[in-house]
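Report on the following structure.
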Amino acid sequence: MKLLSLHDLKKAYSSPDGSTTPIINIQHFEMDRAEQIALSGTSGSGKTTLLNLIAGIQRPDHGQIRIEGTDIASLSESARDRFRAKNLGYVFQSFNLLQGFTALENVVLGMMFGPDENTSQAQDLLCNLGLSDRLHYRPSQLSIGQQQRVALARALAGSPRLVLADEPTGNLDSRRAGESIDLIRSTCQERGAALLVVSHSPDILDRFDRVSDLTELNRTESSPENSAC
Amino acid sequence: MLRRIWNAILLVRRSLQQHALSTSITALSIALGTGLVLSVFSINDQTLRAFTGGSAGFDAVLGARGSPLQLVLNSVYHLETSPGNIPWKLYQQVQKDRRVKLAIPYAVGDNYRGFRVVGTNEKLFQKFEYRKEQRFQVEKGGRFFDPTLREAVVGSLVAQKTGLQLGSRFQPYHGLDFIESEQHEEEYVVVGILSPTNSPSDRVVWIPIEGVFRMSGHVLRGSGSNYQARPGTEIPDEEKEVSAVLLQFHSPAGGVFFDHTINRQGKVATLAWPVDRVLMEFFSKIGWIHQIMQMMAYLVMVVASASVLASLYNTMNERRREFAILRALGARRATVFGIIVLEAGTIAFIGSLLGFVVYGVIFTVSAEVIRNQTGMVLDLFAFHPVLVLAPLCMILLGALSGLLPAFKAYSTDVASNLIPSA
């Protein structure tokens with residue numbers, strides 16, 4: 001069984017004038033367990049929307065999103081929330097750390113809504129990512145790189161099967177972006193989590209064995225009439 | 001479940017810390033509301049019980065024709081002006097009646113630095129129980145006055161406020177209000193300080209009633225014409241008069257009898273009986289004041305809970321991203337909703353706890369004023385159901401106020417709010 005399989009996935013946004021703009025139209029996409037894939041795409045190609053659909057944050061207009069055999073598109077909102085807390089990790093471009101919480105608490109938050117909560121595991125994660133002396137720092141007291149590592153630790157805290165990363169290095173310079181993506185990849189690998197990264201940076205995409213172009217994926221898999229839109 | 005509650009508490013705690021200023025201001029407004037409600041109910045209840053709960057120790061007061069309330073306030077609580085005097089003969093007549101268990105004459109008209117000087121006889125100390133089985137006691141080294149000498153027994157509050165001690169000499173002032181130029185010539189010596197009774201008697205300087213009759217400038221009109229006592233000469237009984245006679249009856253039937261003979265048939269005097277009912281009627285008449293105070297206190301509570309709503313609602317916009325992040329991490333809508341309601345309830349809880357401090361301050365200040373004015377002592381720690389109900393209601397109101405902001409948090413769209421605003 002594939003870890004992730006998308007089938008006939010469609011999502012469109014309504015415009016203020018009442019018309020709909022298709023943003024995702026993927027006929028088929030699959031991902032194996034522990035696999036690492038980079039999705040490329042131009043700005044506005046629907047990269048973030050796709051990750052939100054896979055994470056269950058948004059619901060598709062049509063199609064299936066199967067993760068370990070569970071079609072999350074058919075789940076209720078609260079069931080999707082539970083599923084996400086248990087099976088997925090998410091690294092956002094802007095990290096989305098809660099400012100009032102320390103690094104350690106932010107990581108614990110990643111486990112809080114899942115089945116297990118283990119502060120010492122959260123602490124180990126941060127230590128492994130070189131933040132042992134920053135456990136009780138607030139995000140505003142950390143550098144951008146450190147914030148990103150906290151965000152990665154939070155995404156991995158619940159031992160997810162799949163980590164979604166949305167332009168995770170978008171805020172870093174190219175040298176540090178490379179180091180950072182290597183860290184994300186190796187950490188996911190160590191923990192047996194699959195990684196789906198969206199990025200438009202060639203430096204990042206070059207580091208992955210499998211790269212899919214979302215624009216291409218949408219175009220080749222789309223029906224002619226939808227492509228015309 | 002326990003873990004979820006603990007996590008929610010952690011999230012609420014952090015949020016309150018992040019918005020410490022608005023949390024503090026809101027909690028303070030709740031504290032004010034709660035404190036006011038606690039004070040209004042508790043002080044009113046204790047005051048009412050102090051005045052009408054039978055602590056006066058007398059069944060009835062006999063005095064000049066007029067208002068029974070004025071009579072009771074003047075004689076029992078040493079407030080108000082005297083409605084006039086009644087002949088000594090009437091006192092003697094009542095005293096001898098078989099229905100009367102105890103009759104104690106009071107003669108008022110002087111003060112010492114604002115505290116009343118009351119002339120009475122030794123029966124007050126020997127037989128009168130100001131509360132069940134509690135008689136006046138003097139502090140160590142003191143004694144009750146000799147009715148034939150210029151001696152005084154001083155209430156505990158008087159001693160505390162004026163500094164009068166055993167052996168102190170003082171000259172009373174004429175009238176019930178302290179006017180320095182109105183000092184009498186007669187000098188009295190303090191022979192006893194009463195142990196605190198937490199009753200109006202603590203505010204009184206007791207002297208022999210003969211002393212009042214013989215005080216310089218005092219005129220007796222017991223016979224209808226003016227009579228001034230002369231030193232060394234006995235005062236005829238028909239010339240004497242008293243301000244009031246405080247009565248205890250063997251049974252309520254005595255009260256009914258005197259009520260009939262004095263109030264309905266007589267024209268000379270008034271019998272205020274029963275004392276508790278007279279005061280109860282008075283409190284019923286001024287009950288609207290308490291109702292207004294209650295309404296104001298309730299209003300402050302409602303405004304305080306509205307401040308919880310306003311305070312939380314105002315932060316909802318800036319916190320939309322926070323909720324979106326929590327949702328993205330797997331928090332359900334209901335969890336976010338619950339966190340906000342819990343936050344509102346927590347602010348109300350903190351405010352309610354602080355409300356006890358406000359209550360303590362208001363109560364202590366009020367109790368001091370009441371003690372100085374009436375001698376009645378209120379107990380800060382006396383239980384009243386409002387001490388439990390008001391904080392609970394406040395917490396409930398606070399939590400209810402959190403519903404609207406909670407619904408706003410509940411409705412937060414995750415995808416659009418995960419992106420930082422510019």
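Small disclaimer: the values here were computed from a predicted structure and weren't measured.
For the side chain to side chain contact (heavy atoms under 4.5 Å, CB included) test with B:Leu329, the passing option among A:Leu98, A:Leu88, A:Leu109, A:Asn106 is A:Leu109; the others fail.
Heavy-atom pairs under 4.5 Å with chain B were tallied for A:Arg80, A:Arg82, A:Gln58; the largest tally goes to A:Arg82. Options B:Ala324, B:Ser15, B:Ala334, B:Ala415 differ in how many heavy-atom pairs under 4.5 Å they form with chain A, and the most are formed by B:Ala415. Of the residues considered (A:Ile57, A:Thr49, A:Asn52), A:Ile57 shows the highest number of contacts with chain B, using heavy-atom pairs under 4.5 Å. Chain A forms more heavy-atom pairs under 4.5 Å with one residue of B:Leu326, B:Asp413, B:Leu10 than with any other, namely B:Leu326.
From B:Gln18, atom CD reaches atom CZ of A:Arg138 across 7.5 Å, with rounding to the nearest 0.5 Å.
The environment of B:His290 atom NE2 is dense: over 12 non-hydrogen atoms of other residues, nucleotides or ligands sit within 6.0 angstrom. Within a 6.0 Å sphere centred on CZ of B:Phe383, heavy atoms belonging to other residues, nucleotides or ligands number more than 12. The 12-atom threshold is not exceeded at NZ of A:Lys86, counting heavy atoms of other residues, nucleotides or ligands nearer than 6.0 Å. The 12-atom threshold is not exceeded at CD of B:Gln373, counting heavy atoms of other residues, nucleotides or ligands nearer than 6.0 Å. By the 6.0 Å contact criterion, CZ on A:Phe83 is enclosed, its count of non-hydrogen atoms from other residues, nucleotides or ligands being greater than 12. Taking a 6.0 Å sphere around CZ of B:Phe407, one finds it holds 12 or fewer heavy atoms contributed by other residues, nucleotides or ligands. Enclosure of atom CZ in A:Phe29 by more than 12 non-hydrogen atoms of other residues, nucleotides or ligands within 6.0 angstrom is indicated.
Looking at A:Arg154, the atoms closer than 4.5 Å to chain B (heavy atoms on both sides) all sit in the side chain, from C-beta outward. Looking at B:Thr335, the atoms closer than 4.5 Å to chain A (heavy atoms on both sides) all sit in the side chain, from C-beta outward. With a 4.5 Å cut-off on non-hydrogen atoms, A:Gln93 does not touch chain B at all. Residue A:Phe101 touches chain B through both its backbone and its side chain, counting heavy-atom pairs closer than 4.5 Å. Both the backbone and the side chain of B:Glu322 come within contact range of chain A, each with at least one heavy atom under 4.5 Å from a heavy atom of that chain.
A:Gln99 places none of its side-chain heavy atoms less than 4.5 Å from the side chain of B:Arg321.
The two residues B:Arg327 and A:Asp81 come nearest to each other via the heavy atoms NH2-OD2, 3.2 Å. A:Ala85 and B:Gly330 get closest at one heavy-atom pair: CB-CA, 3.8 Å.
Checked by atom type and distance alone, the side chain of B:Arg333 never pairs as donor or acceptor with a backbone atom of A:Ser78 at under 3.5 Å. Remark: the backbone N or O of A:Phe113 is not paired with any side-chain donor or acceptor of B:Asn7 at under 3.5 angstrom.
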